Amino acid sequence: MTENKEAIEASEVNDLPDTAQTADAPEDMPEPENEVTPETADPEDIPEAAPEPAADTAIMTAIVKENPFTAFVRVVIALLLLIFMGILTMTSFLQTTGMEIVWDGGYDTVVNRLRVDIEAVIYYSDNIPANFLWLAVTVLLCCLAVRLLKKLSLKTELLLITVWTLVLGFVWVHSSQSMPTYDSAMVTNAAASAAQNDFSFIAEGERYFRNYSFQLGYVFFNEMIVRITEFFSEPETMLYIEYMNIVFLALTYIAVILIIDRIFSDKRIRHISVLLLALSIAPIMFSTFIYGIIPGTCFAVWAVYLEIRFLAAEKLTAQVKYGLLSAICLAVAVMIKSNNLIVLVAVCAIAFTAMFSRKRFIRNAVYIAVCAALAVSINPAVKGMYESRSGEELGDAIPFICWFDLGFNEGISAPGWYNFAGIWNFEGSDYKADLATENAVAHLKDRIGIFNDDPQYRNDFFYRKFVSQWNETSYQSIWTNKVRDQYKEKTALAKWVCNDGRIGTLKYMDILAQFIFLMTLFGCIRLLRDKNLLGAVLPLIILGGMLYHLLAEAKSQYALPYYILMTAFAPYGFMPVYERVSARAAAFLSGISREADEDIAESTDEAAQSDEVPAEDTADENDTAENEQVILPDENENTADTENENAE
């Protein structure tokens, strides 16, 4: 792609380097009066009968120039995620993980563990031909959508996805009437109490927030929401926090679309990303669960977008602004949900790799240091703040290593899902973190020894742990609306989804997820050859989530943030499919048109020949008439002679 400095200066992003592509310019910008060539043409202006090669339509090299090191990092990320997505995609067409509810009579089978009142994980065998049929339908619909959505601008798409998410989400929250229970009830009740300066939830003898002090970050976040809300009104329920989840989800979608628009110059990728996000209903249905997953994802994704702006900025003031905002968003994301340390690692890894491309060692190093310092210190600071406000010493919390010990154990529902190994270890260690760490390490060594002695058991353990999370394509969004208490009876929509329409809703989610998995797999393959390091940002975060939850505690709801990123990234892998389908469709239609033209030509020739035949026949008839006219006088003469003879 060619340089276009004037387009960059006219764009909204005036801090991109001069090598930025014209795809970053606003869509309503006047086209330059230069001859359009296949290399400079907009992909949407290229006829479907002769599509451009997909390899050159989505490379954004303006921000991070390719060199051997960045190429190595990009290929490693693509290859590793390719392996995981290959397993997940193949499995998704063969079976689906179900999240069921057992009210009584729990039982075990060879692979399923069904317990009363907990997540009951079941592995269902799928109808493989039907899966491929639905895949074909989904591909054709997305191919049609590429043409229908090509005129939409970025602002229009952001407005549409925001309105769609808010309206549908608010309707769902109102219909579900879900009440916080279990962990979410602990967090929301603590936030409401803290807003009234009541800290009884961390008083002596209350172990929950002493054991799980990382939850205090989300308590503080909700406390701020409660204080702001109660300043204007006195709500009787916590539904307003669920409504806020919908707002955070809409903001997440906005950030993801902005990322896609910035790292991929092909606008068609953005169009399909918007469509798939709008069609994905699991995140909206999950928003009734008051936990740190959705708001934490929101701040994490915005941190990634701001990092891209930081890497693109040339001016020091812009770098400071975007870099500091990115670091703050990361810190808030980690405070809300500590699993977002995965995003911290991914952000720092991209910034470290990029510094060898742009030769900005000091600035990138400072950015990495600030991000790490804020993210690592935020939760201890919140814990200290609550200790200061309450006058209570909270003591040690469950060590981080215990979550890996938990992940290597057989869970209640599935391998690596929640079990009591961590809490029993901590209680048995007299709530001393050092002793609990030693016990967890020893237990981990024992489990690793068992895996080494029995490779078949090890393979089965990690396979079922992996598919129980990632192939449960509702991500507990329906389950959480069924098992939790309610403020009042569900309205018709939620009642139908959770009961009579449950099977159909789950099947819809599964069909969409299969398409997203496959296209994400194709995106990894495409990333191997496209020289675009920033194209690996979302795959790196997804890869980090898969690796972490393969080793630490597992639960399908934890995979939801990464599924949202897959949904946005999948169109990158879909575009080569679209190019092939559109090219073959154009060739097929061209062949039909050619045959029709030949038939018309043959018909025209036959008609012309048929028009000449009557003329010859007319000439013959004329000759015959002349002959008859010659004969008639002879007959008249003979008749006259006969009459004369009779008269005589």
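Note that the structure is a prediction, hence the values are computed from the model and not measured. As a basis for the values below, the full set of heavy atoms in this structure was taken, side chains included, without hydrogen atoms, waters or symmetry mates.
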Start with the C-alpha gap between Leu251 and Val247, add the side-chain angles, then the distance that decides, and say whether side-chain contact (heavy atoms from CB on, under 4.5 Å) holds.
-> CA-CA 6 Å; Leu251 292 173; Val247 174; 4.3 Å; yes
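- Side-chain contact between Val537 and Ile259 is absent, with no heavy-atom pair separated by less than 4.5 Å.
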List the steps and the verdict of side-chain contact (heavy atoms from CB on, under 4.5 Å) for Leu565 and Val301.
-> CA-CA 9 Å; Leu565 300 185; Val301 174; 4.1 Å; yes
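- Less than 6.0 angstrom separates the ring centroid of Phe462 from the ring centroid of Phe408.
- Residues Tyr563 and Tyr475 bring their aromatic ring centres within 6.0 Å.
- Rounding to the nearest 0.5 Å places CG of Leu521 at 11.0 Å from CD1 of Ile87.
- For the residue pair Ser176 and Asn481, a side-chain donor N or O sits within less than 3.5 Å of a side-chain acceptor on the partner.
- The ring of Phe466 has its center closer than 6.0 angstrom to the ring center of Phe84.
- Nearest heavy-atom pair across Ser178 and Arg484 is OG-CB, 3.8 Å.
- Remark: Arg464 is not positioned above the aromatic ring of Tyr123, lacking an NZ or CZ atom under 6.0 angstrom from the ring centre and at most 45 degrees off the axis.
- Looking only at side-chain heavy atoms (C-beta outward), Ile246 and Trp172 stay at 4.5 Å or farther from each other.
- Interatomic distance, Lys555 NZ to His549 NE2, rounded to the nearest 0.5 Å: 11.5 Å.
- In this structure, CD1 on Ile516 lies 8.0 Å from CG on Leu277, to the nearest 0.5 angstrom.
- The six-membered or imidazole ring of Phe517 lies away from that of Phe93, with a centre-to-centre distance of 6.0 Å or more.
- For the pair Arg207 and Tyr431, the cation sits on the ring face: its NZ or CZ lies under 6.0 Å from the ring centre, inside 45° of the axis.
- Ring geometry, Phe170 versus Tyr243: the interplanar angle exceeds 60°, so the pair is classed perpendicular (tilted spans 30 to 60°).
- Side-chain N or O atoms of Asn425 include one that pairs as donor or acceptor with a backbone N or O of Ala436 at under 3.5 Å.
- A distance-only check finds a donor-acceptor pair linking the side chain of Ser175 to the backbone of Ala494 [under 3.5 Å].
- Here NE2 of His174 is found 9.0 Å from CG of Leu239. Values are rounded to the nearest 0.5 Å.
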Starting from the C-alpha separation in whole Å, work towards a yes-or-no answer on side-chain contact (heavy atoms from CB on, under 4.5 Å) for Leu394 and Ile202.
-> CA-CA 7 Å; Leu394 297 181; Ile202 53 176; 3.8 Å; yes
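- A side-chain contact (heavy atoms from CB on, under 4.5 Å) with Ser287 is found for exactly one of Ile293, Asn245, Thr165, Ile241, namely Asn245.
- Using a 3.5 Å distance cut-off with no hydrogens or angles, the side chains of Tyr562 and Gln469 do not pair a donor with an acceptor.
- Heavy-atom minimum distance, Asn419 versus Gly411: ND2-CA, 4.0 Å.
- If you check the side chains of Thr96 and Asp126, you find a donor sitting under 3.5 Å from an acceptor.
- Between Ile564 and Tyr253, the closest side-chain pair of non-hydrogen atoms falls below 4.5 Å.
- When every heavy atom of Ala433 is checked against every heavy atom of Phe426, the shortest pair comes out as N-CE1, 4.2 Å.
- If you check the side chains of Gln476 and Ser556, you find a donor sitting under 3.5 Å from an acceptor.
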Intermediate values then yes/no, side chain to side chain donor-acceptor pair (under 3.5 Å), Asp405 and Asn409 = CA-CA 7 Å; Asp405 184 21; Asn409 273 279; 3.2 Å; yes
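- Side-chain contact check for Glu206 versus Phe201: every heavy-atom pair is 4.5 Å or farther apart.
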Apply side-chain contact (heavy atoms from CB on, under 4.5 Å) to the pair Leu258 and Trp302, showing each step before the final yes or no.
-> CA-CA 9 Å; Leu258 290 174; Trp302 274 101; 3.9 Å; yes
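- In this structure, the side chains of Val334 and Phe299 stay at 4.5 Å or more apart for every pair of heavy atoms.
- Residues Ala191 and Val219 approach most closely at CB-O, 3.6 Å, considering heavy atoms.
- Within the 4.5 Å cutoff, side-chain heavy atoms of Gln456 are placed close to those of Asp460.
- Within a 6.0 Å sphere centred on CH2 of Trp134, other residues, nucleotides and ligands contribute 12 heavy atoms or fewer.
- The aromatic ring centres of Phe248 and Phe221 sit less than 6.0 Å apart.
- Side-chain contact annotation: Ser474 with Glu472, donor-acceptor N/O pair under 3.5 Å present.
- No hydrogens or angles considered: nothing links the side chains of Thr181 and Asp485 as a donor-acceptor pair under 3.5 Å.
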From CA spacing to verdict: side chain to side chain donor-acceptor pair (under 3.5 Å), Tyr487, Glu236 = CA-CA 10 Å; Tyr487 290 111; Glu236 298 179 356; over 6 Å; no
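- One distance of note links CE of Met85 with CH2 of Trp470; it measures 9.0 Å at 0.5 Å rounding.
- Going from atom OH of Tyr558 over to atom CH2 of Trp417 covers 9.5 Å, rounded to the nearest 0.5 Å.
- Residue-environment remark: CH2 (Trp164) stays at or below the threshold of 12 foreign heavy atoms within 6.0 Å.
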